[in-house]
Trainee: 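Handing you a structure now.
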2 protein chains.
Amino acid sequence: MVAGPTSTGPGKERLRLWIRLLRASRTIEAELRERLKKEFDTTLPRFDVMAALYRVPEGMLMSDLSRFLLVSNGNVTGIVDRLVSEGLVTRARRNGDRRTSMVRLTEEGSKAFARIAAVHEGWVGELLGGVSEEEAKRLTGMLKSFRSNWEGRE
Amino acid sequence: MVAGPTSTGPGKERLRLWIRLLRASRTIEAELRERLKKEFDTTLPRFDVMAALYRVPEGMLMSDLSRFLLVSNGNVTGIVDRLVSEGLVTRARRNGDRRTSMVRLTEEGSKAFARIAAVHEGWVGELLGGVSEEEAKRLTGMLKSFRSNWEGRE
DNA sequence: GCCAATTATTTCAAGCTTAAAGTTTTATAA
DNA sequence: TTATAAAACTTTAAGCTTGAAATAATTGGC
């Protein structure tokens, strides 16, 4: 996915765009992952899960997390397992439906996330420093529009 | 990385942009991965390595591959191992420097890649269908410019 | 109530990924 | 020379990721 187009033709510009998009996100992602590890001894997937939970104090179901984060169910199970063993989140069985469990940040988890998120936002600002806030808004809009065009089919 | 900003302020738009960028590439990547598996029984990392090699008939060193694909050395070792065992690439020890080995697509690998790449380009065209070729060009330019601003430091 | 289908989640096997440590070969320089 | 460092690569351990199979609980039709 990271190599160049192998042909010319109508889809060429879109293929170029896709390759750029992928290289950009991989490069930034790698940098953020490394910093999270070095500065906070955590990982991107753990950060993602905590970020998702931080917005929703009442908690989320495993399947909500999975859908929201765009990763598989089994994947979330493992990450939450590790976060639980680190005391950062809890899994609470529900009376209503005993198949499900509500996942919540603990007090400690919430504090830890807030601390990391503040620094993280600064990193993103730095790494995307070449884009003005104005440009960022435009780019965001374009990404939003193309996404809605096909996502969530079937 | 996939949740929303947790604060307002100067970096807010860049954070939004980063989240959009990441969600877009993850969504497309997931779709492509699934199709590669279903239609060609292969994986994205294998496809990436083959795409890199396809451009360079004389072959690449392991370290070239690693740098080009933005992944670690050890990672490439594993993927190339599997491609070798499938008969799609070869590792040729070099006389000049016996630490290195030249990795090349086999005849079979080259044919297989060409076949997959043609379909793959169509998929990308479809998935990015909401972006006109003109827009694609503009977006690509913007992504290129921000990338050059910080990548390749130290 | 009972059984089949559905839903929520976990488990599993295979593969991907990284960082760090180890191996082999080449280059440097006293 | 001949140690010493540097370079290219592999190995390893831990964790991430998926898709598929397994488990457990709920729902719906009869």
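Quick note on labels: first sequence line is chain A, next is B, and so on, each numbered from 1.
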Trainee: Which of these nucleotides, D/dT18, D/dT17, C/dT9, is closest to any side-chain atom of A/Ser72?
Mentor: D/dT18
Trainee: side-chain hydrogen bond (donor to acceptor under 3.5 Å, both in side chains) with B/Glu86: which residues, sequence neighbours excluded?
Mentor: B/Arg46
Trainee: Counting only side-chain N and O atoms of A/Asn73, is one of them less than 4.0 Å from OP1 or OP2 of C/dT9?
Mentor: no
Trainee: Please compare A/Met102 and A/Lys37 by the position of their nearest nucleotide in DNA chain C and report the one closer to 5'.
Mentor: A/Met102
Trainee: Assuming nearest nucleotide by heavy-atom distance, tell me which of B/Gly74 and A/Asp97 is located more 5' along DNA chain D.
Mentor: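 The 5'-side residue here is B/Gly74.
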Trainee: Rounded to the Å, how far apart are B/Asn95 CG and C/dT25 C1'?
Mentor: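 Answer to the nearest Å: 14 Å.
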Trainee: When the distance from CZ of A/Arg26 to P of C/dT18 is rounded to whole Å, what number comes out?
Mentor: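 To the nearest whole Å, that distance equals 9 Å.
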Trainee: The side chain of B/Val71 is closest to which nucleotide in this list: D/dA25, C/dT9, C/dT18?
Mentor: C/dT18
Trainee: Rounded to whole angstroms, how far apart are CG on A/Leu36 and C1' on C/dA19?
Mentor: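 Answer to the nearest Å: 15 Å.
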Trainee: Under a 4.0 Å threshold between the charged nitrogen and the carboxylate oxygen, would B/Glu135 count as salt-bridged to B/Arg138?
Mentor: no
Trainee: Taking only the side-chain nitrogens and oxygens of A/Arg98, find out if one of them lies under 4.0 Å from OP1 or OP2 of D/dT26.
Mentor: yes
Trainee: Tell me the interatomic distance from B/Asn75, atom CG, to D/dT10, atom C1', rounded to whole angstroms.
Mentor: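 It works out to 13 Å between those atoms.
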Trainee: Go through the side-chain N and O atoms of A/Arg20 and B/Thr140 and say whether any donor and acceptor fall under 3.5 Å apart.
Mentor: no
Trainee: With the side chain of B/Thr100 defined as its heavy atoms from C-beta on, choose the nearest nucleotide among C/dT9, D/dT26, D/dA8.
Mentor: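 Nearest to the side-chain atoms of B/Thr100, counting from C-beta on, is D/dA8.
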Trainee: Please give, in whole Å, the distance from C/dT18 P to A/Glu31 CD?
Mentor: 13 Å
Trainee: Do NZ/NE/NH1/NH2 and the carboxylate oxygens of A/Lys137 and A/Glu133 come within less than 4.0 Å?
Mentor: no
Trainee: Rounded to the nearest Å, what distance is computed from the CD atom of residue B/Glu29 to the C1' atom of nucleotide D/dT18?
Mentor: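 Rounded to the whole Å, the gap is 13 Å.
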Trainee: When all nucleic acid strands are considered with a 4.0 Å heavy-atom cut-off, which category describes B/Arg91: base, sugar-phosphate, or nothing?
Mentor: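 The residue B/Arg91 makes sugar-phosphate contact but no base contact.
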Trainee: Within this structure, what is the CZ-to-P distance between B/Arg35 and D/dT18, rounded to whole angstrom?
Mentor: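 Between P of D/dT18 and CZ of B/Arg35: 17 Å.
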Trainee: Per the atom types in the model, does the base of D/dA7 pair as donor or acceptor with the side chain of B/Arg99 at under 3.5 Å?
Mentor: yes
Trainee: Can you tell me if A/Ser63 touches the phosphate of C/dT9, counting only side-chain N or O atoms and a distance under 4.0 Å to OP1 or OP2?
Mentor: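 Result: yes.
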Trainee: If a pair satisfies salt bridge (charged side-chain N to carboxylate O under 4.0 Å, His left out) and one of its residues is in residues 98-116 of chain B, list it, with sequence neighbours excluded.
Mentor: B/Asp97-B/Arg99
Trainee: Among D/dT17, D/dT10, D/dC9, which nucleotide has an atom closest to any side-chain atom of A/Ile79?
Mentor: D/dT17
Trainee: If each of A/Arg46 and A/Gly96 is mapped to the nucleotide of DNA chain D with the nearest heavy atom, which maps nearer the 5' terminus, i.e. the 5' end?
Mentor: A/Arg46
Trainee: Within the distance-only criterion (no hydrogens, no angle test), does the side chain of B/Arg14 pair as donor or acceptor with the backbone N or O of A/Val131 below 3.5 angstrom?
Mentor: yes
Trainee: Between C/dT10, C/dA19, D/dT18, which nucleotide has the shortest distance from any of its atoms to the side chain of B/Arg33?
Mentor: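 Comparing C/dT10, C/dA19, D/dT18 against the side chain of B/Arg33, the answer is D/dT18.
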Trainee: Tell me: CZ of B/Arg93 to C1' of D/dT10, nearest whole Å?
Mentor: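 So the CZ-C1' distance, B/Arg93 to D/dT10, works out to 10 Å.
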